[in-house]
Amino acid sequence: MNYKELADLIFPDAKDIEYYENKYPKRNLKEGAVVTRFAPSPTGFMHIGGLYQALVARTVAKKTDGVFFLRVEDTDQKREIENGVTDIVNSLKDFNMAPDEGMITDTEEIGEYGPYKQSLRKDIYQAYAKYMLEQGKAYPCFATQEELDEMRAKQEAAKVRTGYYGVWAKYRNLSLDEMAEKIKAGVPYIVRFKSQGREDRKIKHKDVIKGNVDFPENDQDIVIIKADGLPTYHFAHAVDDHLMGTTHVIRSDEWLSSVPLHLQLFQELGFKAPKYAHISPIMKNDNGNKRKLSKRKDPEAAVSYYEELGIPSAAVKEYLLNIANSTFENWRRQNPDKAIEEFDFQLNKMSVSGALFDMVKLLDVSKIVISKYTAEEVYKYSLAWAKRHDSELAEMLESNKDYSLKIFGIERGNKKPRKDIAKWSDVKETIEYMYDDKFEEKEQNYEYQTISDKEKINEILNTYIAEYYDEDDEKQVWFDKIKDLAGRLGYAKEVKEYKENPEAFPGHVGDVSTVLRVALTGRTNTPDMYEIMKIIGKDRIKRRFELAKTK
RNA sequence: GGCCCGUUGGUCAAGCGGCUAAGACGCAGCCCUCUCAAGGCUGAAUCAUGGGUUCGAUUCCCGUACGGGUCACCA
């Protein structure tokens, strides 16, 4: 029995690796083009950390005219959930980050280097595992779970490193004949990597983000093919990223400590190793401790959470990019209208330690993003959101599109646009009072602040509507009239005038405006009242004033 | 516990041997102003800690503390 025969015994049908090497030729890309991937497991909802990785990977690829692909890592069927792939694909689409290659629905894919779903690549992995067997770089291991548990217990008792390595690697040195015999006898087995590493030797690794990191060599004989015939992550990573031509592996830094193993695997398989960029995860402050955003405990870990709140995907991306490269913020300030693809993203400028997630900052970013939208866009996006999450708002918006558009147009489109909407779920509260049925069905709490005398209030309202308000007035004229009204009724026409001599007046023009504003809208704070009055129109203003007078 | 990584204001961070230690969010105050949202200005607030090296350390080296990651037939 020799290695070749053993390999044939284990994988009789596996193809020669030449077949795959030829089938997936080197990519023909321009110099410096970077190939990256997003390689999630369909084990739960799309995580904000996953989106972050995907965004970074995609940005880097786009910047170099490279390729960004999506590979689904579903080699653990036990953990797989229903719609896992669909959720990932849709999330990327929602964020306008659809991959150049890879899965585009839960079953379909595009690209020449597929399949992009690992469970469909079993034959490929087995071919490479067979190759390893033939080279004597892998071997079948017959250890049962009990044996492994026992080994671990002994190691812990002896206070030595746990794992399958060195003298503990019980089946590593079986003779080929013994191996073959057991296999033929039907003893269950898996395939292990036969590590040549030594723990007392160091390997050097230069991570694109983390910088120089030295590790002891890997000496663990890790499993490469599991009992179900599928590969472990490590083996699949080496085979796939080689065949798919990945130049930069951008992944979460929980993988950093596996780098020695991965480098070793690439080496033993005869592959050129990719560059690695290990990203620090997004953290959360939990009672003074930093910890990773958790799928279980933190609603904000789910990408869907932001959609539910109505934070535009563009805002989430900007925020994430901000965390990734802090220079982004300045760039954005200087280039408010450029696409994020034009930003000169630097992988090596990414933070080495994990950033705390900051909802307040996200909302600020979101506010700015929304302030740049046209009224038409605000209408479109908020309506789309409302249809999913707030049917009442959807009805309001749809009841009169032109009217809604006018409302969204208030103080929008100039160089200092209004910034009062941070998320679509703010919209209803922001515009509600502009719709008569909503305004009237709600019990308005008329609080006029400084001026509280009922008669005075009625006088202001009556006089204003009867003698002053004209829909055709320019803004300045409109305001001069309010001043005039204030003066006529004994209030200070200018706030300054009042402040200089507060005893001389019962109030000032601002107080008079407040009366009008409260009667008109039921609130003390609103956007520009001139525009609001124009939109509402004289008849309805009158009606609202009448309503206010009855209260 | 072993092995790795990290630690600049409340948060995100710039910095790369000599600076009054940028900027942003948040906070406070002022200005503008018919009220808000903005915008403008001002302010409070930071180099975890102890040793070195150096004429000089936030920056380089070592230790300590704290935080994080990893040690599966999970990814």
Side-chain angles (χ1 to χ4, degrees), chain A residues 39-41 43 73-76 78-79 118 141 143 145 148 152 156 159-164 188-192 199 205 207 210-211 213-216 220 222-228 230-234 236-237 251-260 278 280-281 283 285 288-292 319 322-323 325-330 332-333 349 351-365 367-368 371 411 415-422 430 449 478-479 482-483 486 495-496 508-518 521 523-530:
Chain A
S41 301
T43 53
E73 310 226 323
D74 60 341
T75 54
D76 185 5
K78 291 172 299 243
R79 295 204 309 155
Q118 290 183 329
C141 171
Q145 195 52 55
L148 258 18
R152 163 172 281 270
E156 278 169 1
K159 291 201 190 322
V160 297
R161 277 186 304 128
T162 54
Y164 202 91
Y189 64 94
I190 48 85
V191 180
R192 279 185 193 274
E199 213 253 347
H205 165 61
D207 195 88
K210 304 276 181 184
V213 188
D214 295 349
F215 290 99
Q220 299 274 345
I222 56 110
V223 175
I224 58 175
I225 300 291
K226 301 184 285 185
D228 59 7
L230 285 168
T232 54
Y233 170 86
H234 307 104
H237 155 52
R251 59 179 11 172
S252 159
D253 73 357
E254 67 196 59
W255 293 108
L256 185 61
S257 56
S258 308
V259 164
H278 287 94
S280 315
M283 317 283 280
N285 189 317
N289 288 338
K290 259 181 157 185
R291 48 154 250 256
K292 256 164 63 164
Y319 172 67
N322 225 329
I323 292 182
N325 266 191
S326 62
T327 47
F328 176 78
E329 207 167 3
N330 281 329
R332 174 49 88 209
R333 200 174 301 279
K349 291 277 187 189
S351 170
V352 190
S353 53
L356 242 34
F357 179 79
D358 187 350
M359 190 64 177
V360 176
K361 178 85 179 182
L362 204 211
L363 289 176
D364 181 68
V365 172
K367 212 156 51 167
I368 294 170
S371 76
E411 295 174 74
K415 52 244 155 274
K416 284 184 196 167
R418 195 162 181 81
K419 295 183 184 171
D420 54 355
I421 301 173
T430 313
Q449 300 192 328
W478 169 85
F479 189 51
I482 294 179
K483 282 185 180 176
V495 180
K496 266 208 182 90
H508 55 77
V509 61
D511 298 318
V512 174
S513 298
T514 298
V515 169
L516 297 175
R517 171 174 280 115
V518 170
T521 66
R523 49 183 81 184
T524 50
N525 301 330
T526 71
D528 186 27
M529 189 158 59
Y530 171 73

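As a basis for the values below, the full set of heavy atoms in this structure was taken, side chains included, without hydrogen atoms, waters or symmetry mates. Within every chain, numbering begins at 1; the chains are lettered A, B, ... in the order of the sequence lines, protein sequences first and strands thereafter. This one's a predicted model, so the numbers in the text were calculated from it and none came from an experiment.
Interface remark: the D528(A) side chain does form a donor-acceptor pair with the C34(B) base, using a distance-only criterion of under 3.5 Å. With hydrogens and angles ignored, no donor-acceptor pair closer than 3.5 Å exists between the side chain of R517(A) and the base of C36(B).
Checking G6(B) for Watson-Crick or G-U wobble geometry (two distances, each under 3.5 Å) identifies C66(B) as its partner. Nucleotide C74(B) is matched to nothing when pairs are restricted to Watson-Crick or G-U wobble geometry with both distances under 3.5 angstrom. Across all strands shown, C27(B) forms a Watson-Crick or G-U wobble pair, both distances under 3.5 Å, with G43(B).
In this structure, CG of D207(A) is placed 15 Å from P of C4(B), rounded to the nearest angstrom. Atom-to-atom, CZ of R333(A) to P of A24(B) comes out at 6 Å; the value is rounded to the nearest Å. Summarising the geometry, the separation between OH on Y319(A) and C1' on C25(B) is reported as 10 Å, rounded to the nearest angstrom. In this structure, E254(A) places its CD atom 12 Å from P of A75(B), rounding to the nearest Å. One interatomic measurement links the two molecules: NZ of K361(A) to P of C12(B), which rounds to 11 Å at whole-angstrom precision. Across the protein-nucleic acid pair, L356(A) atom CG and G68(B) atom C1' stand 12 Å apart, rounded to whole Å. In this structure, CG of L256(A) is placed 11 Å from P of C4(B), rounded to the nearest angstrom. Whole-Å rounding puts the N325(A) CG to A13(B) C1' distance at 11 Å.
Of all non-hydrogen atoms in K226(A) and T75(A), the two that sit nearest each other are NZ-O, 2.8 Å.
Taking atom P on both A57(B) and G10(B), the two are 25 Å apart, rounded to the nearest angstrom. Rounded to a whole angstrom, the distance from the C1' atom of C55(B) to that of C47(B) is 22 Å. Straight-line distance between the P atoms of U54(B) and G9(B): roughly 30 Å, to the nearest whole Å. Taking atom P in both U58(B) and A75(B), the straight-line distance is 47 Å, to the nearest Å. Taking atom C1' on both nucleotides, G18(B) is separated from U59(B) by 11 Å, rounded to a whole Å. A28(B) and A45(B) have their C1' atoms separated by 11 Å, given to the nearest Å. Comparing the P positions of U70(B) and U64(B) gives an interatomic distance of 24 Å, to the nearest angstrom. A distance of about 34 Å separates the C1' atoms of G26(B) and G17(B), rounded to the whole Å.
Closest-nucleotide positions on RNA chain B for P281(A) and P216(A) were compared, and the one nearer the 5' end corresponds to P216(A). Both R161(A) and K210(A) lie near RNA chain B, and the one whose nearest nucleotide falls closer to the 5' end is R161(A).
Minimum atom distance to the side chain of V509(A) is reached by C34(B), of the listed C73(B), C34(B), G6(B). Looking at the side chain of S513(A), the nearest of the listed nucleotides C34(B), A38(B), C32(B) is C34(B). Closest contact between the side chain of E411(A) and the listed nucleotides A13(B), C74(B), C36(B) involves C36(B). The side chain of R192(A) lies closest to C73(B), out of C74(B), A38(B), C73(B). You'll find that the side chain of K496(A) is closest to U33(B), out of A24(B), C73(B), U33(B). Closest approach to the R79(A) side chain among C34(B), U35(B), A75(B) is made by A75(B) (side chain taken as heavy atoms from C-beta onward). With A75(B), A38(B), C73(B) as the choices, the nucleotide that has an atom nearest any side-chain atom of S41(A) turns out to be A75(B). The side chain of S353(A) lies closest to G6(B), out of G6(B), G69(B), C73(B). Here the side chain of K290(A) is nearest to one of C73(B), C34(B), C12(B), namely C12(B). When the nucleotides C36(B), C4(B), A13(B) are ranked by their closest atom to the side chain of F215(A), C4(B) comes out on top.
Across all strands shown, K483(A) has no heavy atoms under 4.0 Å from either base or sugar-phosphate atoms. Contacts of D420(A) with the nucleic acid, taken as non-hydrogen atoms under 4.0 Å apart, involve only primed sugar atoms and P, OP1 or OP2. Base engagement by T526(A) is indicated by at least one non-hydrogen atom pair under 4.0 Å involving a base atom. Among the heavy atoms of the strands, none lies under 4.0 Å from T43(A). Using a 4.0 Å heavy-atom cutoff across all strands shown, A227(A) reaches at least one base atom of the nucleic acid. Residue-level contact check: G163(A) touches neither bases nor backbone, having no heavy atom under 4.0 Å from any strand. Contact annotation for A143(A): base contact, defined as any heavy-atom pair under 4.0 Å involving a base atom.
Of the possible donor and acceptor atoms, none in the side chain of T526(A) sits under 3.5 Å from a partner among the backbone N and O of R517(A). Counting only distance, with no hydrogens or angles, the side chain of Q118(A) and the backbone of D76(A) share no donor-acceptor pair below 3.5 Å. Y319(A) contributes a side-chain N or O that, together with a main-chain N or O of D358(A), makes up a donor-acceptor pair within less than 3.5 Å. Remark: the backbone N or O of H508(A) is paired with a side-chain donor or acceptor of D511(A) at under 3.5 angstrom. The backbone N or O of R79(A) lies less than 3.5 Å from no partner atom in the side chain of T43(A), so there is not a single donor-acceptor pair. In this structure, the side chain of Q220(A) engages the main chain of Y164(A) through a donor-acceptor pair within 3.5 Å. Using a distance-only test at 3.5 Å, with no hydrogens or angles considered, no donor-acceptor pair links the side chain of K210(A) to the main chain of L256(A).
Considering only side-chain N and O atoms, T75(A) lies nowhere under 4.0 angstrom from the phosphate OP1 or OP2 of C74(B). The side chain of K292(A) places no N or O atom within less than 4.0 Å of a non-bridging phosphate oxygen (OP1 or OP2) of G69(B). Put simply, S351(A) has a side-chain N or O that comes within less than 4.0 Å of OP1 or OP2 on A13(B). Of the side-chain N and O atoms in K367(A), one or more sit less than 4.0 angstrom from OP1 or OP2 of A38(B).
Ring geometry, Y233(A) versus W255(A): the interplanar angle falls under 30°, so the pair is classed parallel (tilted spans 30 to 60°).
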